[in-house]
Amino acid sequence: MTKVLIIEDEVNMAKFIELELEHEGFDATLVADGRTGLELALEQDWDIILLDIMLPELNGIEVCRRLRNAKDTPVIMLTARDSVIDRVSGLDSGADDYIPKPFAIEELLARMRSILRRTKPDDTVKNELVYRDITVDLESCTVKRGETTVELTRREYDLLVAFMQNSNRVLSRDVLLDRVWGYEAVIETNIVDVYVRYLRNKLDKPDEESIIQTVRGIGYVMRT
């Protein structure tokens, strides 16, 4: 199991990431300050570290710099600060990637998969999702139904991936908002209904049951 260390002091953000990673099969550990995070990063072996910049005790830039003196564990920096100098500082301190908040969890997962493909080449990293005759290539972000390529917008694609990664699991509108638009997005939940309709229009076949089923009063599901 892939071990992930999350060093993040924003409680809601930290728990959101932890729960999503655990749902995806990662072994996630959460700490809330830079000093404790650095100690754990040095004491144990991790496959990847998610590191906030603005941390109590020791900021993320310093954590990454000290970590790089001893280990080459992959690091993705998570921060609300998105100026050029902040990105440069993070990468110069040794981070492998940088993602500004708020972000969609699918983007974070994609960046993690990209790094893990390079650092764990002997492990199986799932690059393809299949549901009936629908195939999603997670590396090229292409979608096919049978032999036909289906053109989706970024939101439509992220929504489809969320459904396919959770087949047979009913997803509420709030959960889908978190996964696709980001937990901080200020958007009405009916936007989910709109994008589900877009997906149905592009993927459903005439005279067949929709691939995305409505569970009245709860949300949506793709059933195998």
Side-chain angles (χ1 to χ4, degrees), residues 1-2 4 16-28 47-48 76 99 102-118 120-183 185 187-224:
M1 185 178 289
T2 302
V4 183
F16 170 69
I17 296 172
E18 182 184 33
L19 290 172
E20 291 294 334
L21 293 188
E22 288 177 348
H23 177 72
E24 295 295 328
F26 292 94
D27 179 8
D47 294 301
I48 194 165
I76 297 179
I99 183 169
F103 52 81
I105 192 66
E106 297 303 334
E107 180 179 3
L108 175 60
L109 291 169
R111 292 182 185 231
M112 291 173 64
R113 286 193 298 267
S114 177
I115 289 175
L116 291 169
R117 278 194 294 271
R118 299 195 305 267
K120 301 181 68 178
D122 295 329
D123 286 7
T124 299
V125 178
K126 192 173 183 181
N127 293 325
E128 186 177 83
L129 299 173
V130 178
Y131 173 84
R132 299 181 186 174
D133 62 342
I134 298 172
T135 303
V136 175
D137 187 316
L138 295 172
E139 187 164 358
S140 64
C141 297
T142 55
V143 178
K144 288 187 175 183
R145 178 142 203 192
E147 296 301 316
T148 304
T149 299
V150 181
E151 298 295 335
L152 300 180
T153 66
R154 172 61 183 275
R155 295 298 189 194
E156 292 166 352
Y157 171 83
D158 288 344
L159 185 60
L160 177 61
V161 168
F163 280 126
M164 292 181 69
Q165 288 180 328
N166 294 274
S167 58
N168 295 319
R169 178 186 177 194
V170 178
L171 300 175
S172 70
R173 291 170 178 81
D174 287 334
V175 166
L176 290 167
L177 277 178
D178 283 346
R179 287 172 175 266
V180 177
W181 282 267
Y183 85 107
I187 302 173
E188 295 294 329
T189 56
N190 63 3
I191 194 67
V192 174
D193 303 326
V194 173
Y195 274 83
V196 166
R197 185 169 69 251
Y198 292 161
L199 277 181
R200 285 170 170 167
N201 289 339
K202 292 184 177 182
L203 292 170
D204 285 353
K205 293 182 178 180
D207 303 320
E208 286 187 4
E209 183 181 45
S210 176
I211 62 165
I212 303 171
Q213 299 175 29
T214 301
V215 181
R216 192 171 300 279
I218 303 177
Y220 298 96
V221 63
M222 289 180 75
R223 299 193 192 278
T224 56

Practice item. With sequence neighbours left out, write down each residue that passes side chain to side chain donor-acceptor pair (under 3.5 Å) with Y131, or none if nothing qualifies. Key: none
Check your understanding: Which pair of heavy atoms, one from E156 and one from L152, lies closest together, and at what distance?
Key -> OE1-CA, 3.4 Å
Review point. Taking the side chain as C-beta and beyond, is there a heavy-atom pair between E208 and D204 under 4.5 Å?
Key: no
**Study point:** E20, E24, H23 screened by side chain to side chain contact (heavy atoms under 4.5 Å, CB included) with I105, the one that passes
**Key:** E20
Exercise for review: Name all residues meeting the side chain to side chain contact (heavy atoms under 4.5 Å, CB included) criterion together with N168; count only those two or more places apart in sequence or in a different chain, and write none if there are none.
Suggested key: R223, T224
Review point. Quick one: are L129 and T135 in side-chain contact, heavy atoms under 4.5 Å?
Key: no
Review point. Roughly how far, to the nearest 0.5 Å, is CD1 of I76 from CD1 of I48?
Key: 4.0 Å
Practice item. Return the set of residues passing side chain to side chain donor-acceptor pair (under 3.5 Å) with S172 (not counting sequence neighbours), or none when no residue passes. Key: none
Review point. Sequence neighbours excluded, which residues qualify as side chain to side chain contact (heavy atoms under 4.5 Å, CB included) partners of D158?
Key: E106, R154, V180
Review point. Which atom pair, heavy atoms only, marks the closest approach of V143 to L160?
Key: CG1-CD2, 3.8 Å
**Study point:** Spacing of Y220 atom OH and I211 atom CD1 [to the nearest 0.5 Å]
**Key:** 13.0 Å
Practice item. Indicate yes or no for a side-chain donor-acceptor contact from K202 to the backbone of V150 under 3.5 Å, with no hydrogens or angles considered. Key: no
Check your understanding: For V4 and F26, which heavy atoms make the closest approach, and how far apart are they?
Key -> CG2-CD2, 3.7 Å
Point to revise | Residue list, side chain to side chain contact (heavy atoms under 4.5 Å, CB included) with E147, at least two apart or on another chain | key: none
Study note, to complete from the structure: Applied to residues 135-175, the ring-ring contact (aromatic ring centres under 6.0 Å, His included) test, sequence neighbours excluded, yields none
Revision key, fill the gap. Taken in chain and number order and not counting sequence neighbours, the residues that satisfy ring-ring contact (aromatic ring centres under 6.0 Å, His included) with Y195 are W181, Y198
Check your understanding: If you take all heavy atoms of V136 and M164, which pair is closest and at what distance?
Key -> CG2-SD, 3.4 Å
Check your understanding: How far apart are the closest heavy atoms of L159 and V196, and which atoms are they?
Key -> CD2-N, 3.9 Å
Study note, to complete from the structure: Here the gap from I212 atom CD1 to L199 atom CG, rounded to the nearest 0.5 Å, amounts to 4.5 Å
Exercise for review: Apply side chain to side chain donor-acceptor pair (under 3.5 Å) to R200 and list each qualifying residue two or more places apart in sequence or on a separate chain.
Suggested key: S210, T214
Exercise for review: Tell me, please, which residues at least two apart from D133 pass salt bridge (charged side-chain N to carboxylate O under 4.0 Å, His left out).
Suggested key: R145, K205
Check your understanding: Any side-chain heavy atom of E128 sitting closer than 4.5 Å to one from L138?
Key -> no
Revision key, fill the gap. Taken to the nearest 0.5 Å, the spacing of L203 CG from T148 OG1 works out to 11.0 Å
Practice item. Give a yes or no on whether the backbone of S140 and the side-chain of D137 come within a donor-acceptor separation of less than 3.5 Å. Key: yes
**Study point:** K144: side chain to side chain donor-acceptor pair (under 3.5 Å) partners, not counting sequence neighbours
**Key:** none
Point to revise | Worked verdict on V192 versus D174 for side chain to side chain contact (heavy atoms under 4.5 Å, CB included) | key: CA-CA 9 Å; V192 174; D174 287 334; over 6 Å; no
Revision key, fill the gap. Output for pair (R113 CZ, T2 OG1), nearest 0.5 Å, gives 12.0 Å
Practice item. With sequence neighbours left out, write down each residue that passes side chain to side chain contact (heavy atoms under 4.5 Å, CB included) with A28, or none if nothing qualifies. Key: I6, E18, L21, E22
Study note, to complete from the structure: Shortest non-hydrogen pair, A162 vs L176, comes out as CB-CD2, 4.3 Å
